[in-house]
Engineer: 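This is the structure, below, for whatever I ask next.
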Amino acid sequence: MTDFNPRDFRQQFPALSQGQCYLDSAATALKPQAVIEATLNFYSQEGATVHRSQHHAAQTLTAHYERARMLVAQWINAPRPENIVWTRGTTESVNMVAQGWLRPRLQPGDEIIVSQAEHHANLIPWLMVAEQCQAQVITLPVDEHGIADITALSALLNNKSRLLALTQMSNVTGGMPDIARAIALAHANGTVVLIDGAQGVVHCPPDVQQLDIDFYAFSGHKLYGPTGIGVLYGKTELLENMAPWQGGGKMLTQASMTGFTPQAVPHRFEAGTPNIAGVIGMSAALKWLTTVDLHAAEKYTQNLANLAEEQLKQIDGFRSFRCQNSSVLAFDIAGVHHSDLVALLAEQAIAVRAGQHCAQPLMDALGISGTLRASFAPYNNEQDVMRLVSAVEYALDLLAG
Ligand code: PMP
């Protein structure tokens with residue numbers, strides 16, 4: 001690992017070579033050259049598929065593919081690579097648990113506790129399965145900062161609580177609930193916990209064993225990897241007792257016209273030809289990340305968000321929804337609609353996002369219709385902050401007429 005040097009880090013991102021002001025990393029991270037090269041190399045040199053063909057290239061690629069599973073396991077300290085299931089992303093991971101694990105167990109009247117801070121990816125799959133089984137989604141409220149209020153959890157847990165769904169880090173406020181406490185409370189009640197790690201895995205990779213997490217879901221594309229690849233971590237006994245969600249090739253050991261025998265975990269959850277390029281790219285992202293001083297990079301990123309918040313605070317009517325030390329800065333400006341402001345920022349080539357950020361219930365809890373969101377990564381610099389601030393000032397002048 002080398003010392004974190006912001007300039008060297010930034011240079012590894014070709015998408016920034018024209019000086020783009022990219023402040024939308026909470027939506028998706030840009031890709032470093034190492035990931036681009038690994039993907040290019042796969043398509044140009046490694047023509048094969050995995051776990052099927054016997055020829056040499058296919059065997060080599062299968063080994064590469066399985067080594068990537070090991071790298072992911074190490075990243076979150078999963079006990080074994082078999083605890084890692086490849087999915088399309090966080091969304092698919094959550095749906096897989098909702099349909100494969102929860103649905104066969106969910107009885108009419110049962111309860112699923114979901115915090116009001118959740119991204120729709122960690123809400124809609126639970127609403128769907130609740131409807132399918134005449135069960136109910138119970139709201140874990142948020143505190144005044146928009147963070148899931150774990151002190152309210154004990155009162156919600158009862159003998160009908162089957163699962164708790166909680167985000168490790170909000171994509172709006174950057175707030176991090178005390179997941180260790182939530183997990184302990186849920187487990188004391190016999191309730192299984194799914195943690196949405198889509199944002200958390202980037203800024204604060206968990207030790208899933210130490211935290212005793214049951215299911216952990218995340219996406220490759222926020223972690224500098226390709227889109228369309230993600231991960232579901234599950235404890236061994238949970239995955240062993242989870243039904244395959246999709247059927248198809250290579251998820252079984254034998255098939256007849258009347259039935260089939262599922263493969264061992266995790267392959268029974270990976271029906272069909274997988275996203276091999278995605279796995280190769282994600283593996284390259286994780287290898288590359290081991291060369292980065294992540295602690296220093298995170299500190300640097302938080303300082304950029306601090307600076308942006310301090311500067312924007314000078315603007316009349318500015319209100320921040322940022323939780324302390326987050327690299328995500330969601331804000332609004334009194335009297336200005338976020339969609340007007342984001343359009344004017346886009347005209348000035350500032351890449352930020354506006355709206356509800358797929359977290360409509362959180363917007364309701366905060367009593368707002370949406371926010372602007374600038375999200376920072378270690379490839380940003382002070383110049384990006386200053387460009388954002390002056391673009392906001394310019395847009396406000398225009399809107400004031
Ligand atoms: N949860 C959170 C907190 C997120 O930020 C996102 C992505 N915006 C998701 C879930 C869904 O991730 P994906 O779209 O990659 O499945």
Engineer: Could you tell me whether Arg88 atom CZ has more than 12 heavy atoms of other residues or ligands within 6.0 Å of it?
Structural biologist: no
Engineer: How many angstroms lie between CG in Leu362 and NE2 in His120, if you round to the nearest 0.5 Å?
Structural biologist: 9.0 Å
Engineer: Looking at His357 and Thr371, would you say the former's side chain and the latter's main chain have a donor-acceptor pair under 3.5 Å?
Structural biologist: yes
Engineer: Can you label the angle between the Tyr224 ring and the Phe9 ring as parallel, tilted or perpendicular, going by 30° and 60°?
Structural biologist: perpendicular
Engineer: Name the atoms and distances for all side-chain donor-acceptor pairs under 3.5 Å in residues 391-401, with sequence neighbours left out.
Structural biologist:
none

Engineer: Just checking, any donor-acceptor pair under 3.5 angstrom between side chains of Trp126 and Glu118?
Structural biologist: no
Engineer: Are the side chains of Ile84 and Pro266 in touch, meaning some heavy atoms are under 4.5 Å apart?
Structural biologist: no
Engineer: Less than 3.5 Å apart, which donor and acceptor atoms pair up between the side chains of residues 332-347 and the rest of the protein, not counting sequence neighbours?
Structural biologist:
residue : atom : partner : partner atom : Å
Asp332  : OD1  : Arg319  : NE           : 3.1
Asp332  : OD2  : Arg319  : NH2          : 2.7
His337  : ND1  : Ser339  : N            : 3.1
His337  : ND1  : Ser339  : OG           : 2.6

Engineer: Side chain to side chain donor-acceptor pair (under 3.5 Å) with Asp293: which residues, sequence neighbours excluded?
Structural biologist: none
Engineer: Quick one: does Gln199's side chain have a donor or acceptor within less than 3.5 Å of a partner on Ala26's backbone?
Structural biologist: yes
Engineer: Using modelled atom types only, decide if a donor and an acceptor are shared between the side chain of Asn275 and the backbone of Gly228 within a distance under 3.5 Å.
Structural biologist: yes
Engineer: Answer yes or no: is there a side-chain heavy-atom contact under 4.5 Å between Met169 and Val202?
Structural biologist: no
Engineer: Please check if the number of heavy atoms outside Gln20 that lie under 6.0 Å from its CD is greater than 12.
Structural biologist: yes
Engineer: Is it the case that the side chain of Gln263 and the backbone of Thr261 share a donor-acceptor pair, with hydrogens and angles ignored and the cut-off at 3.5 Å?
Structural biologist: no
Engineer: With no hydrogens and no angle check, do the side chains of Gln324 and His145 hold a donor and an acceptor under 3.5 Å apart?
Structural biologist: no
Engineer: Can you tell me how far OG1 of Thr227 sits from NZ of Lys222, rounded to the nearest 0.5 angstrom?
Structural biologist: 11.5 Å
Engineer: Can you tell if the side chain of Glu66 reaches within under 4.5 Å of the side chain of Val50, non-hydrogen atoms only?
Structural biologist: no
Engineer: Evaluate the side-chain proximity of Trp288 to Pro32: yes if any heavy-atom separation is below 4.5 Å, no if none is.
Structural biologist: yes
Engineer: May I ask you to decide if Ser327's main-chain N or O and Thr301's side chain share a donor-acceptor pair within less than 3.5 Å?
Structural biologist: no
Engineer: Determine whether more than 12 heavy atoms belonging to other residues, nucleotides or ligands lie under 6.0 Å from atom CG of Asp316.
Structural biologist: no
Engineer: Ignoring hydrogens and angles, tell me if any N or O in the side chain of Thr90 forms a donor-acceptor pair with the backbone of Ser219 under 3.5 Å.
Structural biologist: yes
Engineer: Donor-acceptor pair, Asn122 side chain versus His119 backbone, under 3.5 Å?
Structural biologist: no
Engineer: Which residue in the set Val208, Val192, Val193 passes side-chain contact (heavy atoms from CB on, under 4.5 Å) when paired with Phe215?
Structural biologist: Val192
Engineer: Leu307 versus Val389: any side-chain heavy-atom pair under 4.5 Å?
Structural biologist: no
Engineer: If we ignore angles and hydrogens, is there a donor and acceptor under 3.5 Å between the side chains of His187 and Asp212?
Structural biologist: yes
Engineer: So with a 6.0 Å cut-off around CD of Gln210, is the heavy-atom count from everything else above 12?
Structural biologist: no
Engineer: For residues Tyr216 and Trp75, establish whether the separation of their ring centroids is below 6.0 Å.
Structural biologist: no
Engineer: Just by modelled atom types, is the Pro244 backbone N or O under 3.5 Å from a matching donor or acceptor in the Arg268 side chain?
Structural biologist: no
Engineer: So, do Trp245 and Glu92 sit near enough that their side-chain heavy atoms are less than 4.5 Å apart?
Structural biologist: yes
Engineer: Under 4.5 Å between any side-chain heavy atoms of Pro14 and Gln33, yes or no?
Structural biologist: yes
Engineer: Between the side chains of Lys313 and Glu310, is the shortest nitrogen-to-carboxylate-oxygen separation below 4.0 Å, so that they form an ion pair?
Structural biologist: no
Engineer: Determine the sole option in Val35, Leu30, Ile36 for which the side-chain contact (heavy atoms from CB on, under 4.5 Å) test with Phe13 is passed.
Structural biologist: Leu30
Engineer: As an exercise, state the distance from CZ of Arg105 to SG of Cys133, rounded to the nearest 0.5 Å.
Structural biologist: 11.5 Å
Engineer: Look up atom CD in Gln136 and atom CG in Leu106, then write down how far apart they are to the nearest 0.5 Å.
Structural biologist: 11.0 Å
Engineer: Where the side chain of Asn380 meets the backbone of Tyr22, is there a donor-acceptor pair that is under 3.5 Å apart?
Structural biologist: yes
Engineer: How about Lys287 and Leu71: do any of their side-chain heavy atoms sit closer than 4.5 Å?
Structural biologist: yes
Engineer: How long is the span from the CD1 atom in Ile213 to the CD1 atom in Ile183, to the nearest 0.5 Å?
Structural biologist: 4.5 Å
Engineer: In Å and rounded to the nearest 0.5 Å, what is the CE to CG distance from Met96 to Leu102?
Structural biologist: 14.5 Å
Engineer: Hey, are Ser25 and Ser375 close enough side-chain-wise for a donor-acceptor pair under 3.5 Å?
Structural biologist: no
Engineer: Okay, side chain of Gln168, backbone of Ile179: is any donor-acceptor separation there less than 3.5 Å?
Structural biologist: no
Engineer: Are side-chain N/O atoms of Asn381 and Arg387 paired as donor and acceptor at under 3.5 Å?
Structural biologist: no
